[in-house]
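As structure tokens, the structure follows; a few thoughts come after it.
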Amino acid sequence: MTGDGGFGQTKVLAPLVAGAVLLAVFSVRAVRQGGAALVDLGVLRSRPTWAATALFFLTGASLYGAMLLLPLYWQQLRGASALVAGLYLIPQGVGSLLSRALAPGLTERIGERWVTVLGFVLVGVATVPFAFADAHTTTWPLMIALLVRGLGLGIVVIPLMTVAFRGLAHAEVPHASIVTRIAQQVGGSVGVALFAVILARAAHGSGSLADAFATAFWWATGFTALAVALSFVLPGREKEASTPEETERVPSAR
């Protein structure tokens, strides 16, 4: 995408290239230093850790990217004030709160992989109604969708936090924690920037604000579908350690 509001402008490309170069330099230096590095990227050699890190990235993109789109939908397409648009988002917060009571029990029964798949499926299904919504769509079904969306986003956090540390030595756990948190924050930044550009370009191309929001929400759904597919890379249910070597590792987050 080029032109106004696109990625092809110098003021967009220059920071992107600079950030990519700095990230590459940091990564090479961290790998060379190993455990002595500020952040030991060697933890990403573990399949559970790198899979959880990638999913945290997509979680951040889905959460923060949608938190840009949703208030704008209510304000620009539905004519709501900033306060009312914020109030409309309460069901998503309630769903996230309710998930705290459901996620631990589900994780114990069916394992981290399937809880994560379930959570992202809920997020994707609950995002689809907004792709079909326009200025006259009934409000209460969208409120239910937001509740389900918040439930799904909340459900994936606990199993991802648990599985990210599986199989790591105790000294590696702090590094894995930092890596996953960075991934989530960077994913949030990428999601906000990407969805803002998609919305702006779609509005410029179609001339219809409703169509532009539909395009952006379909992209958000696509991100969630990618997260569902990646969730199957996560390991299955944890087995009890049976050797002294295994018991010296960290099977899950405590």
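The shown structure was predicted, so the numbers you read here are calculated from the model rather than taken from an experiment.
For the pair Ala212 and Ala203, the tightest heavy-atom approach, listed with the atom from each and the gap, is CB-N, 3.4 Å. For Leu168 against Ser46, the heavy-atom pair with the smallest separation is CD2-CB, 4.0 Å. Between Ala131 and Ala214, the shortest heavy-atom contact is O-CB, 3.1 Å. Here the shortest heavy-atom pairing between Arg100 and Gly154 reads NH1-O, 3.4 Å. Contact detail for Leu89 and Met67: the closest heavy-atom pair is CD1-CE, 3.8 Å. The two residues Pro71 and Ala66 have their closest heavy-atom pair at CD-O, 4.1 Å.
One N or O on the side chain of Glu172 and one on the backbone of Ala169 form a donor-acceptor pair closer than 3.5 Å. A donor-acceptor pair is defined here as one N or O able to donate and one able to accept, closer than 3.5 Å; such a pair exists between the side chain of Thr107 and the backbone of Ala103. No donor-acceptor pair under 3.5 Å is formed between the side chain of Thr49 and the backbone N or O of Arg45. Checking side-chain atoms of Ser96 against main-chain N and O of Gly93 turns up no donor-acceptor pair under 3.5 Å. With hydrogens and angles ignored, the 3.5 Å screen pairs a side-chain donor or acceptor of Thr180 with a backbone N or O of Ala176.
Within the structure, side chain to side chain donor-acceptor pair (under 3.5 Å) contacts touching residues 212-236 (residues at least two apart or in different chains) do not occur. Residue pairs meeting the side chain to side chain donor-acceptor pair (under 3.5 Å) criterion with at least one partner in residues 114-135, sequence neighbours excluded, are Thr127-Arg149, Asp134-Thr137.
Residues Thr53 and Val43 form no side-chain contact, since every pair of their non-hydrogen atoms from C-beta on lies 4.5 Å or further apart. Val179 is not listed as a side-chain neighbour of Phe56, based on a closest heavy-atom distance of 4.5 Å or more. Between Leu146 and Leu70, some side-chain heavy-atom pair lies under the 4.5 Å cut-off.
Follow the hydrophobic side-chain contacts under 4.5 Å out from Val128 and you never reach Leu199; the two are in separate clusters. Leu160 and Phe232 fall within a single hydrophobic cluster, where Ile, Leu, Val, Met, Phe, Trp and Tyr side chains are chained together by heavy-atom contacts under 4.5 Å. Under the 4.5 Å side-chain heavy-atom criterion for ILVMFWY residues, no single connected hydrophobic cluster contains both Val17 and Val28. Phe130 and Ile90 fall within a single hydrophobic cluster, where Ile, Leu, Val, Met, Phe, Trp and Tyr side chains are chained together by heavy-atom contacts under 4.5 Å. Hydrophobic clustering (ILVMFWY, side-chain heavy atoms < 4.5 Å, transitive): Leu97 and Leu122 are in distinct clusters.
Remark: Phe165 CZ to His170 NE2 distance equals 12.5 Å, nearest 0.5 Å. Between the CZ atom of Arg78 and the CG atom of Leu142 there is a distance of 6.5 Å, given to the nearest 0.5 Å. One finds the CG atom of Leu106 at 10.0 Å from the OG atom of Ser99 (value rounded to the nearest 0.5 Å). Considering CD of Gln185 and OH of Tyr64, their distance stands at 5.0 Å, rounded to 0.5 Å. Taking CD1 of Ile198 as the reference point, atom CZ of Phe217 lies at 12.0 Å (rounded to 0.5 Å). Rounded to the nearest 0.5 angstrom, Met161 CE and Glu112 CD are separated by 12.5 Å.
Residues forming a ring pair (Phe, Tyr, Trp, His ring centres under 6.0 Å) with Phe120 (at least two apart in sequence, or on another chain): none. Taking Arg113 as the reference, nothing meets the side-chain hydrogen bond (donor to acceptor under 3.5 Å, both in side chains) condition, with sequence neighbours excluded. Looking at residues two or more places apart in sequence or on another chain, you find a side-chain hydrogen bond (donor to acceptor under 3.5 Å, both in side chains) between Gln184 and Arg181. For Trp74, the ring pair (Phe, Tyr, Trp, His ring centres under 6.0 Å) partners at least two apart in sequence or on another chain are Tyr88.
Considering Leu151, Leu153, Thr59 in turn, Leu153 is the only one that fulfils the side chain to side chain contact (heavy atoms under 4.5 Å, CB included) rule with Val123.
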